[in-house]
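Presented below is the structure to which this report refers.
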Amino acid sequence: MEETEKTTGEENTNGGEYEFNLGEDSSIPQHLHGGLAERAQQLGLDGSKAAEYLNAAMSYAQEMEAQAARESGAALRQEWGSEFDAKVNATKQFMVRMSQKAGLSAEQMSVLMSPNGFRLMNAIRQASGGENVRYAGNPQSAPKMTPEQELEEIYSDPVKYHALITPGDPQHKIVNRRVNELLGI
């Protein structure tokens, strides 16, 4: 039995091991499970109730973040109007190039994968001369991504990444199938 998955390995007040299981499909990263179990036990919380609460709290927080992102995304779509798709594609390409130059992983770039992050990165792209798309009258799409860039984009997008790693997500099969195609599996 893994320490982070089932127990902290310490005895509880009843003499048995402290049960704290967030589950395999928890949205809480696996590397945090052990530390969370220790804190719950230190506070004298029932392990199963603490795990249930943490999973529910994370689910609620993700729902609220997703709602805020939808609202912010709708505002950005309205702000950019007919240029939206072209700007998003060009900005994604720019972000992939910049993350590679900076040596940042998709996970490290995830903080920018939001409408405000796109707003910021698009402004930087335009200010730095990285604008490779004409918007006045005849928008052109950004160059097609390589398989590596598309994989990086999937890993960088919190929604797509969550779908990829969460079997219960409605988009899991679609994203997983695309990743397998890109990997040649």
Side-chain angles (χ1 to χ4, degrees), residues 25-32 54-185:
D25 59 346
S26 174
S27 61
I28 299 172
Q30 186 69 36
H31 70 277
L32 299 177
L54 283 171
N55 279 325
M58 282 298 292
S59 178
Y60 174 74
Q62 289 172 334
E63 289 171 19
M64 294 298 99
E65 286 177 8
Q67 177 62 32
R70 283 190 296 274
E71 291 169 4
S72 183
L76 183 61
R77 182 175 288 280
Q78 185 174 3
E79 180 184 320
W80 285 356
S82 64
E83 301 172 350
F84 180 82
D85 290 334
K87 281 186 176 184
V88 165
N89 287 333
T91 302
K92 281 182 184 179
Q93 292 294 318
F94 179 75
M95 290 171 75
V96 168
R97 287 193 307 274
M98 292 301 102
S99 68
Q100 289 171 344
K101 281 186 178 197
L104 298 174
S105 69
E107 185 175 284
Q108 292 167 321
M109 289 293 292
S110 68
V111 70
L112 294 172
M113 300 309 290
S114 68
N116 286 334
F118 269 77
R119 198 176 268 117
L120 171 66
M121 292 305 293
N122 184 64
I124 293 169
R125 179 181 66 81
Q126 290 175 326
S128 68
E131 180 150 348
N132 60 359
V133 178
R134 283 188 43 184
Y135 295 108
N138 187 15
Q140 302 169 351
S141 63
K144 183 169 172 59
M145 287 192 270
T146 66
E148 293 81 16
Q149 290 170 326
E150 192 173 343
L151 281 169
E152 188 71 22
E153 189 266 334
I154 289 169
Y155 296 139
S156 299
D157 183 325
V159 174
K160 290 180 183 175
Y161 184 72
H162 182 267
L164 177 66
I165 65 169
T166 309
D169 189 288
Q171 295 295 311
H172 174 74
K173 288 182 181 178
I174 295 167
V175 175
N176 191 49
R177 185 179 313 121
R178 182 63 186 148
V179 166
N180 287 342
E181 289 170 359
L182 293 167
L183 293 172
I185 299 174

| message | Looking at Ala163, is its backbone amide N or carbonyl O close enough to the side chain of Thr166 to form a donor-acceptor pair, meaning the two atoms are under 3.5 Å apart? | response | no
| message | So, taking the atom named CG in Asp85 and the one named CG in Asn89, what distance separates them when rounded to the nearest 0.5 Å? | response | 6.5 Å
| request: Give, for atom CE of Met113 and atom CE of Met121, the distance between the pair rounded to the nearest 0.5 Å. | output: 10.0 Å
| Any chance the side chains of Gln67 and Glu71 put a donor and an acceptor closer than 3.5 Å? | yes
| note | Between Ser27 and Met58, the two heavy atoms sitting closest are OG-CB, 3.6 Å
| message | Looking at every non-hydrogen atom in both residues, tell me the closest pair between Leu76 and Phe118 and how far apart they are. | response | CD2-CB, 4.3 Å
| Between atom CG of Leu54 and atom CG of Leu32, what is the distance when rounded to the nearest 0.5 Å? | 10.0 Å
| request: With side-chain contact (heavy atoms from CB on, under 4.5 Å) as the test, would you mind laying out the steps for Lys160 and Glu153 before giving the verdict? | output: CA-CA 9 Å; Lys160 290 180 183 175; Glu153 189 266 334; 3.2 Å; yes
| task | May I ask you to decide if Ala68's main-chain N or O and Ser72's side chain share a donor-acceptor pair within less than 3.5 Å? | result | no
| request: Provide the closest heavy-atom pair for Met95 versus Met109 in the form atom of the first, atom of the second, distance. | output: O-CE, 4.0 Å
| task | Kindly compute the distance separating CG (Leu182) from CZ (Arg177), expressed to the nearest 0.5 Å. | result | 12.5 Å
| task | Look up atom CG in Asp25 and atom NE2 in His172, then write down how far apart they are to the nearest 0.5 Å. | result | 11.5 Å
| query | For Glu148 and Leu151, what are the C-alpha separation, side-chain angles and deciding distance, and is it a side-chain contact (heavy atoms from CB on, under 4.5 Å)? | reply | CA-CA 5 Å; Glu148 293 81 16; Leu151 281 169; 5.7 Å; no
| query | Got Glu79 and Arg119 here, is their nearest side-chain heavy-atom distance under 4.5 Å? | reply | yes
| said: Pair Glu150, Arg178 - check side-chain contact (heavy atoms from CB on, under 4.5 Å), show working. | reply: CA-CA 10 Å; Glu150 192 173 343; Arg178 182 63 186 148; 2.8 Å; yes
| said: Does Gln78, at its CD atom, have more than 12 non-hydrogen atoms belonging to other residues, nucleotides or ligands within less than 6.0 Å? | reply: no
| query | Which atom names give the shortest non-hydrogen contact between Lys87 and Asn122, and what distance separates them? | reply | CD-ND2, 4.0 Å
| Got a sec: does the CD of Glu107 have more than 12 other heavy atoms crowding it under 6.0 Å? | no
